[in-house]
Amino acid sequence: MKHVQTVVREAEPAGPGVRRLTLMDPDGWPLPKAKPGAHIDLHLPGGLTRAYSLCGDPAQADRYVVAVKREGDGRGGSAFVHDALAVGDALGVSLPRCTFPLAPDAAEHVFVAGGIGVTPFLPMAMAAERAGTPWRLHLLHRDAPPLPDTLAPLAESGRAVLHDTARTPRPALSALLGPAAPGRHAYCCGPAGMIADFEAATADWPAGAAHVEHFVPPPLLPDPEARPFTLVLARSGREAALPAGAPLLPAIRALGGAVEASCEGGICGACRVRWLEGPPLHRDRVLSPAERERDVMACVAGCAGPRLVLDL
Amino acid sequence: MDVTPTWLGVVTHLHVTPRAFLPMRGMDAIELVEGRGIVGDRYMIGTEQGFYSDKPEDGRQVTLFEEEALECIRRDHNITMLPEEHRRNVTTRGVPLNHLVGRRFRLGGCLLEATRLSFPCKHIEEILEKPVFDPMVHRSGLNCRILEGGTVRVGDAVRPV
Ligand code: FES
């Protein structure tokens with residue numbers, strides 16, 4: 001599956017309530033490429049996955065750096081990263097995905113971050129700096145900022161401005177952003193309230209010039225036909241509720257079902273499974289209409305009904 | 001009538017990677033181990049790490065790809081794909097890979113048996129951020145078993161037996 005094996009090489013505090021992890025291939029091999037602004041899922045015990053923006057230097061191809069803030073709501077992901085994960089531990093991660101890229105044709109970037117929402121902007125700022133594109137980062141934080149060591153040189157250069165809202169009045173985003181201008185792109189990552197303010201402040205900007213990233217990035221766009229359904233493995237009786245567009249193979253495996261896969265694109269035939277109830281949404285290119293009455297290629301399939309029961 | 005094969009090809013690039021999804025690394029020479037795979041590569045039998053897409057299998061000890069297919073993908077789809085991006089171990093020129101299924105041939109001093117055509121992996125589009133899955137269907141190279149191992153170098157001949 002989309003599972004990149006890494007090892008925790010460094011783990012250290014990086015600002016209040018923040019733990020920074022440096023993840024590397026077990027042999028230090030280069031990792032799959034990540035665009036500035038990309039995030040990865042950490043595959044945590046118990047089937048938990050949590051998405052975090054990469055916050056390291058994108059020029060360092062052999063590591064993924066993430067900064068994990070302890071979540072107050074008791075969800076297990078950040079607590080595990082803070083309390084249980086140790087240097088030397090193995091950790092599986094997803095391939096990087098970028099839903100928050102730098103606009104390639106921008107003449108100028110303005111980044112606005114709230115607290116730990118600064119993470120995607122660090123590699124974006126480094127990339128903009130190397131590309132020679134002017135940029136500015138405004139970080140709104142309370143008391144000590146996250147990732148102080150990474151931010152310090154950026155702040156010294158004058159291009160990153162830290163606004164401690166515990167000491168100074170919270171600045172208006174419209175004042176930080178300035179007016180819309182040809183080639184000027186604005187980006188915001190932070191809590192929901194800040195994103196709402198940002199969207200209001202950029203409401204009259206040209207289409208496509210204002211970009212937002214929520215703390216928890218949205219999943220890849222599901223197929224418009226996709227709908228949630230219950231996956232059932234008939235032989236074990238185990239089942240799971242799948243959200244719309246969720247890929248089937250990892251869900252089958254999480255339930256203990258054994259299914260081969262090779263192309264994961266519906267052309268090789270490796271993941272053929274017999275279905276008992278559905279009907280499945282077939283998206284493969286190998287099965288004939290008659291075969292589809294009985295079998296399904298799990299790697300690309302969905303379900304048209306409320307339950308997909310597989311002979312596994 | 002049996003037609004005597006007349007082709008003669010050459011190894012233009014060699015690549016390995018130790019695990020699924022990691023970038024391929026260009027090599028001047030690689031070591032083929034009879035019945036197992038390439039030293040340091042993810043398809044080496046006996047190094048299973050539990051990843052399905054790149055799981056070692058008997059018929060996929062070494063994989064080959066035609067440099068000509070890269071040119072086709074550029075010509076027909078206007079997509080530039082580099083030799084380190086197709087994720088096969090051996091890039092060849094002048095070898096009709098699709099015609100070799102079920103046959104034996106020499107790769108440098110090694111003897112290979114072609115087991116089946118390769119399939120592209122859908123994840124390659126995510127890794128490369130290029131829409132290459134469809135263009136690669138039916139020209140995604142060849143999977144082979146190693147009958148006689150040894151060192152293969154860039155520039156080595158590929159020829160029928
Ligand atoms: S893995 Fe190839 S068709 Fe599903």
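Letters A, B, ... are given to chains in the order of the sequence lines, protein chains preceding strands, and every chain is numbered from 1. Hydrogens, waters and symmetry mates play no part in the numbers below; they use all other heavy atoms, side chains included.
Other residues, nucleotides and ligands place no more than 12 heavy atoms under 6.0 Å from the CZ atom of Arg153(B). Other residues, nucleotides and ligands contribute more than 12 heavy atoms inside 6.0 Å of the CG atom of Asp76(B). More than 12 heavy-atom neighbours from other residues, nucleotides or ligands sit within 6.0 angstrom of CG on Asp105(A).
Of all residues spanning residues 23-33 of chain A, those with a heavy atom less than 4.5 Å away from chain B's heavy atoms are Asp25(A), Pro26(A), Asp27(A), Trp29(A), Pro30(A), Leu31(A), Pro32(A), arranged by number.
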Go through the steps to decide whether Arg285(A) and Asp134(B) satisfy the test side chain to side chain contact (heavy atoms under 4.5 Å, CB included), and finish with yes or no. CA-CA 11 Å; Arg285(A) 289 182 243 168; Asp134(B) 283 354; 2.7 Å; yes
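Between Phe119(B) and Ile267(A), the shortest heavy-atom distance links the atoms CE2-O, 3.8 Å. Nearest heavy atom pair, residue Cys263(A) against residue Pro120(B), reads CB-O, 3.1 Å. Contact detail for Lys122(B) and Glu264(A): the closest heavy-atom pair is CB-O, 3.2 Å.
One distance of note links CZ of Arg97(A) with CD of Glu129(B); it measures 12.0 Å at 0.5 Å rounding.
With a threshold of 4.5 angstrom between heavy atoms, Glu125(B) does not approach chain A through any atom at all.
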